[in-house]
Number of protein chains: 2
Amino acid sequence: MKHKFKPLDRAPVYVKVCNAIEEDILSGILKEGALLPTEAELCTQFGVTRSSVREGIRLLQQSGLVARGAAKRLVVKSPKASEIAETASRSMALGGATFGEVFETLAMLYPEAARIAAGRLSDEALGALCDVRDGLRDAPPGAADEIVSYAVEFFQQLASGLDNRVMLAMLQSLNLMIGASLRRVIDQTPNAHERILGAQSEIIEALKNRDKNQARAWMTKHIEDLRRGYVVAKVNLDARIL
Amino acid sequence: MKHKFKPLDRAPVYVKVCNAIEEDILSGILKEGALLPTEAELCTQFGVTRSSVREGIRLLQQSGLVARGAAKRLVVKSPKASEIAETASRSMALGGATFGEVFETLAMLYPEAARIAAGRLSDEALGALCDVRDGLRDAPPGAADEIVSYAVEFFQQLASGLDNRVMLAMLQSLNLMIGASLRRVIDQTPNAHERILGAQSEIIEALKNRDKNQARAWMTKHIEDLRRGYVVAKVNLDARIL
DNA sequence: ACATTATGATTGTCGGACAATGTATTTGTG
DNA sequence: CACAAATACATTGTCCGACAATCATAATGT
């Protein structure tokens with residue numbers, strides 16, 4: 001019988017360093033907040049030079065698994081939804097995602113999110129939504145930037161209230177991607193202020209009444225209204241987000 | 001009047017290197033597939049040492065913006081949906097996402113995805129779905145692994161057919177997260193093979209008829225069926241994915 | 001006891017060196 | 001001349017050593 005060799009692991013050392021540390025984090029040996037050894041210590045433990053260790057650390061750093069904490073020590077981090085959303089949205093933007101794709105996904109997700117929210121939102125979460133609505137109500141007329149930020153913040157608060165980190169990460173990444181384009185839309189839409197305010201109020205009302213269908217319906221209308229804004233503002237839906 | 005200084009940029013050099021290159025990619029100066037200079041060349045251009053350049057490259061590398069191409073040269077990459085999905089799902093797993101959160105999100109997204117698919121899926125995409133279904137049909141009984149992979153592949157093909165990279169990335173990340181747990185569920189569910197096969201057939205039928213409501217309804221049933229499997233298999237929905 | 005200073009540890013950056021590897025060029029041969 | 005083989009070259013991966021900057025801790029002075 002012919003002996004067979006396993007393929008050798010020819011990955012660069014810095015990749016191996018990254019994988020080794022990552023493995024211990026994944027397996028729970030290194031829990032969140034744990035301090036990693038110093039670079040010098042890692043060198044002796046792995047038997048490699050500091051350059052390689054440092055390059056490995058950069059890989060871990062960018063994937064959000066470790067960060068420099070107090071006293072510059074390396075601490076194990078567990079990626080937060082907002083960070084995941086940020087890197088995902090950035091990657092999609094770079095990957096050439098278009099307004100159309102983002103908006104369609106938004107239109108697919110948020111009505112369902114509203115339906116779920118109607119059955120779950122805590123009083124605090126509802127209060128936060130009301131605060132956003134009130135902030136929008138009191139916004140000075142013509143302040144497009146403020147209107148946009150309140151509009152996005154409304155989505156943001158709704159997503160937060162769902163108490164589901166996976167949903168939150170996805171919805172947040174959409175919020176990040178839609179933010180920039182929304183500015184253009186609201187700039188050119190008359191009555192944007194009132195229309196958004198009205199939609200938010202109706203949605204809040206439905207959420208308060210725990211009326212899932214109503215919440216979903218109003219969210220659908222709200223988004224449909226935004227979509228019309230895109231048409232009015234002549235945003236090219238095939239254009240890349242940037 | 002008191003002169004005011006802007007806060008100095010005290011970021012480490014390797015971060016600046018990363019940002020500088022990233023900026024040129026983002027602004028379109030460096031398009032996808034473009035070759036970056038060699039490390040030595042970057043050193044002279046930035047006026048820093050190779051160590052710093054290399055650490056900066058690691059950051060870019062992990063964020064999926066560059067990769068080593070032919071002849072080891074650095075080439076600009078635009079992140080693909082599958083890569084975004086992979087890093088996102090990994091991050092969420094590390095961030096402590098639970099089966100419950102993933103499954104709830106799945107149950108929220110896929111019925112809507114099916115509805116959209118009914119109005120859009122190309123013949124090729126439908127054919128791919130049929131292929132998956134046929135593969136599942138011909139799978140030997142008791143081959144849990146195969147059943148799982150066909151079940152996931154069905155979701156995968158459906159997502160691909162939507163022709164929306166943002167949706168695709170999100171759905172794919174769910175697929176990755178659900179994969180492992182599905183194995184346990186199907187292992188312990190009697191008739192899983194037939195039930196999944198039946199659901200796939202019904203969904204395909206609805207898609208062929210361009211019947212959005214029917215497609216959505218059957219997908220909902222399909223997922224509800226999987227949910228029952230989770231209960232039967234006594235999967236703790238509050239347990240972390242790992 | 002508390003503020004200040006000295007000490008030490010650690011990271012960030014530099015410079016140079018060399019082996020491994022893949023590319024490009026030259027050379028040899030029909 | 002065409003094509004294969006050998007050579008030279010360029011580039012990355014890895015190592016080593018050094019030092020300034022920064023921050024934490026210990027020592028010191030009042």
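Residue numbers start from 1 in every chain, and the chains themselves are labelled A, B, ... in the order their sequence lines are given, proteins ahead of strands.
- For the pair T38(B) and V13(A), both in contact range of DNA chain D, the more 5′-proximal nearest nucleotide belongs to T38(B).
- A sub-4.0 Å separation between OP1 or OP2 of dG12(C) and a side-chain N or O of S52(B) is absent.
- When the side-chain nitrogen and oxygen atoms of R54(B) are compared with OP1 and OP2 of dG13(D), one or more of them lie within a distance under 4.0 Å.
- Atom CG in L74(B) sits roughly 11 Å away from atom C1' in dT11(D) (whole-Å rounding).
- Of the side-chain N and O atoms in Y14(A), one or more sit less than 4.0 angstrom from OP1 or OP2 of dG13(D).
- Rounded to whole Å, atom C1' of dG15(C) lies 15 Å from atom CD of E39(B).
- In summary, E55(A) and R50(A) do not engage in a salt bridge, as defined by a charged side-chain N under 4.0 Å from a carboxylate O.
- Considering only side-chain N and O atoms, R10(B) lies under 4.0 angstrom from the phosphate OP1 or OP2 of dT22(D).
- Using a 4.0 Å heavy-atom distance criterion, T49(A) is classed as a base contact.
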Quiz item: After noting the C-alpha distance and the side-chain angles of I147(B) and L182(B), does the key distance pass the side chain to side chain contact (heavy atoms under 4.5 Å, CB included) rule?
Solution: CA-CA 10 Å; I147(B) 297 176; L182(B) 217 51; over 6 Å; no

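- Remark: P of dA10(D) and CG of L35(B) are 18 Å apart, rounded to the nearest angstrom.
- The residues D163(A) and R120(A) are annotated as not salt-bridged, no charged nitrogen and carboxylate oxygen being separated by less than 4.0 angstrom.
- Contact annotation: R50(A) side-chain N/O to dG17(D) OP1/OP2 distance is not under 4.0 Å.
- Between the P atom of dG22(C) and the NZ atom of K72(B) lies a distance of 6 Å, rounded to the nearest Å.
- Among dT14(D), dT12(D), dT13(C), the nucleotide with an atom closest to any side-chain atom of P12(A) is dT14(D).
- Between E55(B) atom CD and dG13(D) atom P the separation is 14 Å, expressed in whole Å.
- Judged purely by distance below 3.5 Å, without hydrogens or angles, the side chains of N175(A) and Y110(A) pair a donor atom with an acceptor atom.
- Remark: P of dT11(C) and CZ of R58(A) are 10 Å apart, rounded to the nearest angstrom.
- The shortest distance between the side-chain N/O atoms of R73(B) and the OP1/OP2 oxygens of dT12(D) is not below 4.0 Å.
- Separating the CG atom of L42(B) from the P atom of dT12(D) is a distance of 8 Å, rounded to the nearest angstrom.
- R68(B) places its CZ atom 16 Å from the P atom of dT21(C), with the value rounded to the nearest Å.
- A cation-pi arrangement is found for R58(A) relative to Y14(B), the charged atom lying closer than 6.0 Å to the ring centre and inside a 45° cone about the ring normal.
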